[in-house]
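Below is one structure, written out as structure tokens; the observations come after it.
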Amino acid sequence: KYPLSVVTLTRNSEGKIKDCLESVRWCDDIVIVDDFSKDKTLEIAKEYTGRIIQKKWDNEGIQRNFAYSNAKNEYILSLDSDERVTPELKEELIRLIEEGFEYNGYNIPHRNYMGDTWIQHGGWYPNRKLKLFKKSEFRYAEEEYHPPAIMRGDRKDLNGEIIHLTYKNFSDMLLKINHQTNYEAKKWFRDKRKMSFIRALRKSNDRFIKAYVLKQGFRDGMLGFMLAFLGGFYQILSYAKCWEMKQAAGRRRQGRCLAPLEVKSQAEGRGQKA
């Protein structure tokens with residue numbers, strides 16, 4: 001066992017958690033923070049660690065920061081249940097542990113998959129993310145979804161990869177986009193972000209062109225087109241949901257303003273009848 005903390009968030013992850021934990025069983029500290037799974041997630045996780053904590057999901061930033069606070073080692077590998085450490089990355093991490101960490105954070109490339117297909121273009125590879133970091137120097141902004149990482153000091157790119165089983169199929173992708181845009185819209189609404197229909201449409205178009213043309217998503221054929229298209233759709237759907245929230249808030253405000261007038265009108269009507 002090597003002194004490295006692995007922190008994983010779970011919720012009904014029985015179909016993927018075993019391979020995730022198997023890829024890091026050489027680490028001496030595995031922490032699971034579970035959002036009250038109703039399947040066999042915890043039963044499987046107990047085969048690999050006794051460090052299992054259940055906590056209701058508030059938002060992603062809060063949940064992740066709580067999970068990291070329970071790690072016992074100075075350096076943490078943040079690994080989602082649909083991610084696996086490759087043998088090459090394992091060897092690279094062991095060398096870092098043995099030789100000593102020099103940086104506060106390390107970016108790790110991701111090999112993302114749609115089903116059994118490796119997504120190689122459109123910005124999906126190498127898609128490096130800050131996944132290994134010094135506990136005392138790192139935290140996430142406490143925001144709903146995809147919160148920004150906050151870390152002082154330099155970071156280094158590693159060569160070993162994380163395998164990320166991103167989506168099972170397009171149906172799975174659409175379900176996740178619908179879920180993610182709920183949080184994105186709430187964030188925009190809370191921050192009072194200025195977003196017109198034209199701007200949202202332009203951002204959707206820009207995202208599609210960037211992924212499909214500039215980052216050569218077209219080289220992945222139909223898969224590349226759909227990923228670029230749905231990436232743009234994410235923007236316009238977030239806008240539509242935020243617009244819907246603003247409309248509902250406006251109706252509530254209008255209802256509060258009209259209520260006293262309606263009461264007065266009704267009182268006057270009763271007086272006239274008397």
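Judged as a ring-ring contact (aromatic ring centres under 6.0 Å, His included), the pairs with a partner in residues 173-206 (not counting sequence neighbours) are, in order, His179-Tyr183. Applying the ring-ring contact (aromatic ring centres under 6.0 Å, His included) test to pairs two or more places apart or on separate chains, those with a residue in residues 202-232 are Phe208-Tyr212, Phe208-Phe225, Tyr212-Phe225. Among residue pairs with one or both ends in residues 2-19, those qualifying as salt bridge (charged side-chain N to carboxylate O under 4.0 Å, His left out) are Arg11-Asp35, Lys18-Glu47; sequence neighbours excluded. The list of side chain to side chain donor-acceptor pair (under 3.5 Å) pairs with a residue in residues 191-204, not counting sequence neighbours, is empty. The salt bridge (charged side-chain N to carboxylate O under 4.0 Å, His left out) contacts involving residues 144-156 comprise Glu137-Arg152, Glu144-Arg190, where partners must be two or more places apart or lie in separate chains.
Side-chain polar atoms of His121 and Asp220 form a donor-acceptor pair below 3.5 angstrom. In summary, the side chains of His146 and Gln180 do not present any donor paired with an acceptor at a separation below 3.5 Å, with no hydrogens or angles considered. If you check the side chains of Thr181 and Tyr234, you find no donor sitting under 3.5 Å from an acceptor. No side-chain donor-acceptor contact under 3.5 Å links Gln254 and Arg251.
A donor-acceptor pair is defined here as one N or O able to donate and one able to accept, closer than 3.5 Å; no such pair exists between the side chain of Asp82 and the backbone of His164. For the pair Thr49 (side chain) and Arg51 (backbone), a donor-acceptor distance under 3.5 Å is present. Side-chain N or O atoms of Asn65 include one that pairs as donor or acceptor with a backbone N or O of Gly61 at under 3.5 Å. With Asp28 contributing its side chain and Lys1 its backbone, the two residues share no donor-acceptor pair below 3.5 Å. Checking side-chain atoms of Ser23 against main-chain N and O of Val85 turns up a donor-acceptor pair under 3.5 Å. At distances below 3.5 Å, not a single donor-acceptor pair connects side-chain atoms of Glu88 with backbone N or O atoms of Gly160.
Checking Leu89, Leu93, Leu4, Leu77 one by one against Val24, the side-chain contact (heavy atoms from CB on, under 4.5 Å) holds for a single residue, Leu77.
Contact annotation: the side chain of Lys131 never approaches that of Asn107 to less than 4.5 Å [non-hydrogen atoms, C-beta and beyond]. Proximity of Glu83 to Ile163: side-chain heavy atoms (C-beta onward) are nowhere separated by under 4.5 Å. Within the 4.5 Å cutoff, side-chain heavy atoms of Thr8 are placed close to those of Ser81.
Alongside Ile150, the hydrophobic cluster contains no other residue (criterion: ILVMFWY side chains under 4.5 Å).
The number of heavy-atom neighbours closer than 6.0 Å to NZ of Lys90, taken from other residues, nucleotides and ligands shown, is 12 or below. No more than 12 heavy-atom neighbours from other residues, nucleotides or ligands sit within 6.0 angstrom of OH on Tyr2.
The structure places NZ of Lys56 at 7.5 Å from CZ of Phe36, a figure rounded to the nearest 0.5 Å.
With sequence neighbours excluded, the residues forming a side chain to side chain contact (heavy atoms under 4.5 Å, CB included) with Arg95 are Glu91, Glu92, Glu99, listed by chain and number. Residues passing the side-chain hydrogen bond (donor to acceptor under 3.5 Å, both in side chains) test with Arg25 are Glu22, sequence neighbours excluded. Ser5 meets the side chain to side chain contact (heavy atoms under 4.5 Å, CB included) test with Asp29, Ala71, Lys72, Asn73, Ile76; sequence neighbours excluded. Not counting sequence neighbours, the partners of Tyr140 by the ring-ring contact (aromatic ring centres under 6.0 Å, His included) test are Phe138. Checked against side chain to side chain contact (heavy atoms under 4.5 Å, CB included), Ile62 has the following partners two or more places apart in sequence or in another chain: Lys55, Asp58, Asn59, Glu142.
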Identify each donor-acceptor pair in which a side-chain atom of residues 170-178 lies under 3.5 Å from a protein atom, sequence neighbours left out, and give them as a table.
from: Asp172; atom 1: OD2; to: Lys168; atom 2: N; distance (Å): 2.9
from: Lys176; atom 1: NZ; to: Thr166; atom 2: O; distance (Å): 2.9
from: Asn178; atom 1: OD1; to: Lys241; atom 2: NZ; distance (Å): 2.8

